A.B. asks: 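Submitted below is the structure of interest, expressed as structure tokens.
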Amino acid sequence: MKEIQRNQQSAPGAILLDIHQLLRHKNPVLVALDGRSGTGKSTIANELAKHGDGVVVVGDDFYSGGDDDVWSGISAEEKVAKVIDWQRMRKQVLEPLLAKRPAHWHPLDFHPERGWVGWKDETITLEPAPVILLDGAYSARPELADLVDLAILVEVNDITRRERLILREGPDFMSRWHRLWDPAEDLYFTYIRPRSSFDIVVSNEA
């Protein structure tokens with residue numbers, strides 16, 4: 001496991017170096033950027049895509065659907081297993097891109113003041129690229145392990161993470177969100193994909 005400090009200027013370059021090493025033997029490569037909500041995965045994914053000839057797949061677009069009432073009555077284990085429709089993600093996006101074919105899907109329609117709405121009518125299309133960056137919590141889940149070439153954990157101290165989420169989504173929404181989803185993230189990042197199981201850990205304190 002390699003550890004990288006995000007506040008070092010060399011951090012993006014260090015990740016890209018590992019990606020380029022993989023590209024010497026396989027093209028395209030799939031990189032999963034996993035981590036708790038609010039750690040800054042999307043920022044890093046977009047930066048890597050910009051400098052590494054890559055495309056970004058937003059994992060949240062494959063939320064399985066349902067409002068708070070749907071999820072509040074099930075266990076943390078069930079939430080981890082069901083929250084992301086990884087089968088649809090795999091079939092519609094990851095497998096086509098890895099086969100150098102375009103991928104198409106409908107993105108998530110979500111508003112903090114209302115929560116989950118559904119999926120937008122618009123269709124996202126991604127053309128094949130040498131680097132596929134899967135951005136989202138649970139992106140390095142075991143069910144996708146046979147496709148993922150590089151698993152990256154993005155982490156930040158919990159105070160900073162929660163402050164970022166409140167600024168992004170608002171305090172009312174995040175209060176409900178933490179009650180509902182913190183136990184699932186705790187389970188996933190403690191037992192299913194612990195820190196030591198990732199190829200790279202990025203401390204994103206910048």
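No hydrogens, no waters, no symmetry mates; every other heavy atom, side chains included, goes into these values. Sequential numbering from 1 along the given sequence is applied to the chain's residues. All values reported here derive from a predicted model rather than from experimental measurement.
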A.B. asks: Establish, from distance only, whether the side-chain atoms of Asp186 and Tyr191 form a donor-acceptor pair under 3.5 Å.
C.D. replies: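 No - no donor-acceptor pair under 3.5 Å links their side chains.
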A.B. asks: Is any side-chain heavy atom of His51 closer than 4.5 Å to one of Glu47?
C.D. replies: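 Side-chain contact under 4.5 Å: yes.
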A.B. asks: Verify, without hydrogens or angle tests, whether Glu185 (side chain) and Asp182 (backbone) share a donor-acceptor contact under 3.5 angstrom.
C.D. replies: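 Side chain of Glu185 to backbone of Asp182, a donor-acceptor pair under 3.5 Å: no, none is there.
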A.B. asks: Answer yes or no: are there more than 12 heavy-atom neighbours, outside Leu17 itself, under 6.0 Å from its atom CG?
C.D. replies: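 Counting other residues, nucleotides and ligands, CG of Leu17 exceeds 12 neighbours.
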A.B. asks: Could you grab the distance from atom CG of Leu30 to atom CG of Leu144, nearest 0.5 Å is fine?
C.D. replies: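 It comes to 8.0 Å.
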A.B. asks: In terms of side-chain geometry, is the basic nitrogen of Asp34 or Lys41 positioned less than 4.0 Å from the acidic oxygen of its partner?
C.D. replies: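 Salt bridge between Asp34 and Lys41, a charged N being under 4.0 Å from a carboxylate O: no.
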A.B. asks: Of all heavy-atom pairs between Pro107 and Glu122, which one has the smallest distance, and what is that distance?
C.D. replies: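 That closest heavy-atom pairing would be CD-O, 3.2 Å.
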A.B. asks: Which heavy-atom pair separates Pro194 from Thr190 by the least distance, and what is that distance?
C.D. replies: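 Where Pro194 meets Thr190 most closely, the heavy atoms are CB-O, 3.6 Å.
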A.B. asks: Can Lys79 be said to sit on top of Trp71's aromatic six-ring, NZ or CZ under 6.0 Å from centre and within 45° of the ring axis?
C.D. replies: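 No.
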A.B. asks: Looking at side-chain heavy atoms only, is the closest gap between Arg164 and Val156 below 4.5 Å?
C.D. replies: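 Yes, close enough: below the 4.5 Å cut-off.
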A.B. asks: Backbone N or O of Val29 within a donor-acceptor pair of the Asp149 side chain at under 3.5 Å?
C.D. replies: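 A pair under 3.5 Å: no.
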A.B. asks: Looking at Asp121, I want to see if its CG is surrounded by more than 12 non-hydrogen atoms of other residues, nucleotides or ligands under 6.0 Å.
C.D. replies: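 No, not enclosed.
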A.B. asks: Which pair of non-hydrogen atoms, one from Ile152 and one from Val31, has the smallest distance, and what is that distance?
C.D. replies: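 Looking at all heavy atoms of both residues, the shortest contact is CD1-CG1, 3.7 Å.
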A.B. asks: Count the heavy atoms of every other residue, nucleotide or ligand shown that sit under 6.0 Å from NZ of Lys26, and state whether that count exceeds 12.
C.D. replies: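 Enclosed.
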A.B. asks: Counting N and O atoms only, with roles assigned by atom type, does the side chain of Ser175 sit under 3.5 Å from a partner on the main chain of Asp172, one being a donor and the other an acceptor?
C.D. replies: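 Flag not set: sc Ser175 to bb Asp172 has no pair under 3.5 Å.
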A.B. asks: Taking all heavy atoms of Leu108 and all of Lys120, pick out the closest pair and write down the distance.
C.D. replies: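 Closest heavy-atom pair between Leu108 and Lys120: O-CE, 3.5 Å.
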A.B. asks: Please check this pair: side chain of Asp85 against backbone of Tyr63, looking for a donor-acceptor N/O pair closer than 3.5 Å.
C.D. replies: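 Between the backbone of Tyr63 and the side chain of Asp85 there is no qualifying donor-acceptor contact (under 3.5 Å).
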A.B. asks: Between Asn157 and Thr160, do the side chains contain an N or O donor and an N or O acceptor separated by less than 3.5 Å?
C.D. replies: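 Thr160 and Asn157 do have a side-chain donor-acceptor pair below 3.5 Å.
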A.B. asks: Between Thr125 and His104, do the side chains contain an N or O donor and an N or O acceptor separated by less than 3.5 Å?
C.D. replies: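 There is such a pair (donor and acceptor under 3.5 Å, judged by atom type) between the side chains of Thr125 and His104.
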A.B. asks: Does any part of the side chain of His106, heavy atoms only, come nearer than 4.5 Å to the side chain of Asp61, both counted from C-beta?
C.D. replies: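 They are not in side-chain contact.
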A.B. asks: Do any N or O atoms from the side chain of Thr123 and from the backbone of Trp105 form a donor-acceptor pair under 3.5 angstrom?
C.D. replies: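 Such a contact is absent between Thr123 side chain and Trp105 backbone.
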A.B. asks: Nearest 0.5 Å, what's the CE-CZ distance between Met174 and Arg179?
C.D. replies: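 Met174 atom CE to Arg179 atom CZ measures 11.0 Å (nearest 0.5 Å).
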A.B. asks: Relative to each other, are the rings of Phe198 and Phe189 parallel, tilted or perpendicular (30° and 60° limits)?
C.D. replies: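 Answer is parallel, since the angle falls under 30°.
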A.B. asks: Could you check whether any side-chain heavy atom of Pro142 comes within less than 4.5 Å of a side-chain heavy atom of Ile192, counting everything from C-beta outward?
C.D. replies: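 Yes. Closest side-chain heavy atoms under 4.5 Å.
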A.B. asks: Show the atom names and distances, to 0.1 Å, of all donor-acceptor pairs under 3.5 Å that link a side chain in residues 91-98 to residues at least two apart or in another chain.
C.D. replies:
residue, atom, partner, partner atom, Å
Gln92, OE1, Arg88, NH1, 3.3
Glu95, OE2, Arg90, NE, 2.9

A.B. asks: Output the distance between atom CD1 (Ile166) and atom CZ (Arg161), rounded to the nearest 0.5 Å.
C.D. replies: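 Going from the CD1 atom of Ile166 to the CZ atom of Arg161 covers 10.5 Å.
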A.B. asks: Taking C-beta and beyond as the side chain, do Leu153 and Val202 meet within less than 4.5 Å on heavy atoms?
C.D. replies: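 Answer no - side chains too far apart.
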A.B. asks: Among the clusters formed by ILVMFWY side chains lying less than 4.5 Å apart, do Trp181 and Leu167 turn up in the same one?
C.D. replies: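 Different clusters: Trp181 never reaches Leu167 through Ile, Leu, Val, Met, Phe, Trp or Tyr contacts under 4.5 Å.
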A.B. asks: Do Asp18 and Leu22 touch side chain to side chain, with heavy atoms closer than 4.5 Å?
C.D. replies: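 No. Closest side-chain heavy atoms not under 4.5 Å.
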A.B. asks: Grab the two heavy atoms, one from Ser72 and one from Asp69, that are nearest each other, plus how far apart they are.
C.D. replies: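 Answer, listing the atom of Ser72 first, then Asp69: OG-O, 3.3 Å.
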A.B. asks: Under 3.5 Å, side-chain donor or acceptor atoms of residues 127-141 against the rest of the protein: list the pairs with distances, not counting sequence neighbours.
C.D. replies:
residue, atom, partner, partner atom, Å
Asp135, OD2, Ser42, OG, 2.7
Ser139, OG, Leu33, O, 3.2
Ser139, OG, Gly136, O, 2.9
Arg141, NE, Glu143, OE1, 2.9
Arg141, NH1, Val80, O, 3.3
Arg141, NH2, Val80, O, 2.9

A.B. asks: Any Lys/Arg nitrogen of Arg195 or Glu155 sitting under 4.0 Å from an Asp/Glu carboxylate oxygen of the other?
C.D. replies: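 Looking at Arg195 and Glu155, the cut-off is met.
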A.B. asks: Any ion pair linking Arg162 and Asp158 (charged N to carboxylate O, less than 4.0 Å)?
C.D. replies: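 Arg162 and Asp158: salt-bridged.
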